[in-house]
Amino acid sequence: MSTAPGTTFHYEIEQTKDDNDFNVTVVKCQGRLTSESKDEIRGVVQPLILRGGRIWLDFADLEYLDSSGLGSIVGLKVSAISRGLCVLELKNLTPRIKELLRITNLLQLFSS
């Protein structure tokens, strides 16, 4: 499902397998991840982190990410690292979001 410009944040959760046949929970993010939706992404992903395993945040259809949204995904990544039983990865970054991570020196955090 594609989103029109200016739409709010939406997500879909899917279960899949990675290249090594391990289970992965994919959170497909769509629309705009901003101060208005930061609590929604936290509310969705935090229980997945507590459960453990692999989580991919798929940003292929994420049109906009502001500083609050960025802060939310950084907090989720830190939670996943602290938990120790969870791997949180960003997938399908748009050029704009990849550049945002690069200029904020966060690209390396999400590469690990």
Side-chain angles (χ1 to χ4, degrees):
M1 174 174 126
S2 73
T3 55
T7 60
T8 58
F9 179 74
H10 300 282
Y11 64 89
E12 295 175 14
I13 298 176
E14 296 179 357
Q15 298 295 321
T16 190
K17 302 258 184 191
D18 66 10
D19 293 338
N20 297 316
D21 208 34
F22 291 112
N23 291 327
V24 178
T25 302
V26 180
V27 181
K28 292 187 170 192
C29 300
Q30 304 165 346
R32 301 170 57 90
L33 183 49
T34 65
S35 59
E36 296 173 356
S37 54
K38 64 182 173 51
D39 293 334
E40 187 172 1
I41 190 74
R42 284 186 196 145
V44 169
V45 178
Q46 194 64 43
L48 299 174
I49 291 172
L50 295 175
R51 191 175 74 189
R54 263 186 118 157
I55 303 166
W56 290 349
L57 299 182
D58 185 340
F59 283 1
D61 293 323
L62 190 68
E63 295 175 359
Y64 184 78
L65 178 67
D66 75 1
S67 60
S68 294
L70 181 60
S72 291
I73 63 169
V74 168
L76 290 167
K77 178 67 173 182
V78 170
S79 291
I81 292 169
S82 297
R83 181 81 177 151
L85 301 172
C86 181
V87 176
L88 177 70
E89 298 176 84
L90 303 182
K91 296 291 185 180
N92 300 317
L93 299 175
T94 64
R96 176 179 274 168
I97 292 174
K98 192 170 190 174
E99 179 65 8
L100 175 63
L101 293 173
R102 188 191 67 74
I103 64 174
T104 55
N105 292 318
L106 293 170
L107 196 56
Q108 186 174 354
L109 173 67
F110 288 100
S111 297
S112 58

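The residues of the chain are indexed from 1 along the displayed sequence. These figures come from a predicted structure and were not determined experimentally.
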Would you say the side-chain atoms of [X] pair up with the backbone N or O of [Y], donor to acceptor, closer than 3.5 Å?
X: S37; Y: R32; answer: yes
X: T94; Y: I97; answer: yes
X: K38; Y: G71; answer: no
X: D58; Y: L90; answer: no

Next item on the list: Could you give me the CA-CA distance, side-chain angles and deciding distance for L65 and I73, then say whether side chain to side chain contact (heavy atoms under 4.5 Å, CB included) is met?
Entry: CA-CA 10 Å; L65 178 67; I73 63 169; 4.3 Å; yes

Are [X] and [Y] connected in the hydrophobic side-chain network, where two residues link if heavy atoms are under 4.5 Å apart?
X: L33; Y: V78; answer: yes
X: L76; Y: I81; answer: yes
X: I41; Y: V74; answer: yes
X: F110; Y: V44; answer: yes
X: I49; Y: L70; answer: yes

Checklist line | Electrostatic pair D18-R54, nearest N-O below 4.0 angstrom | finding: yes

Check: Any Lys/Arg nitrogen of R96 or E99 sitting under 4.0 Å from an Asp/Glu carboxylate oxygen of the other?
Finding: no

When rounded to the nearest 0.5 angstrom, what is the spacing between [atom1] in [X] and [atom2] in [Y]?
X: C29; Y: K91; atom1: SG; atom2: NZ; result: 14.0 Å
X: E36; Y: D39; atom1: CD; atom2: CG; result: 11.0 Å
X: E63; Y: D61; atom1: CD; atom2: CG; result: 8.0 Å
X: Y11; Y: K28; atom1: OH; atom2: NZ; result: 15.0 Å

Checklist line | Trace of the side chain to side chain contact (heavy atoms under 4.5 Å, CB included) decision for L109 with K77 | finding: CA-CA 8 Å; L109 173 67; K77 178 67 173 182; 3.9 Å; yes

Next item on the list: Mind listing the closest non-hydrogen atom pair of G52 and C86 along with its distance?
Entry: CA-CB, 4.2 Å

Check: Between T25 and R51, which heavy-atom pair has the shortest distance, and what is it?
Finding: OG1-NH2, 2.9 Å

Next item on the list: List, by chain and number, the other hydrophobic cluster members for L85, where Ile, Leu, Val, Met, Phe, Trp and Tyr join if side-chain heavy atoms come within less than 4.5 Å, directly or indirectly.
Entry: none

Check: With a cutoff of under 4.5 Å between side-chain heavy atoms, which Ile, Leu, Val, Met, Phe, Trp and Tyr residues group with L50?
Finding: none

Next item on the list: Walk me through it: do T34 and Y64 pass the test side chain to side chain contact (heavy atoms under 4.5 Å, CB included)?
Entry: CA-CA 8 Å; T34 65; Y64 184 78; 3.7 Å; yes

Checklist line | side chain to side chain contact (heavy atoms under 4.5 Å, CB included) assessment of L88 paired with W56 | finding: CA-CA 6 Å; L88 177 70; W56 290 349; over 6 Å; no

Using a 4.5 Å cut-off on heavy atoms from C-beta on, say whether the side chain of [Y] contacts that of [X].
X: L62; Y: L93; value: no
X: N92; Y: F59; value: no
X: I55; Y: E89; value: no

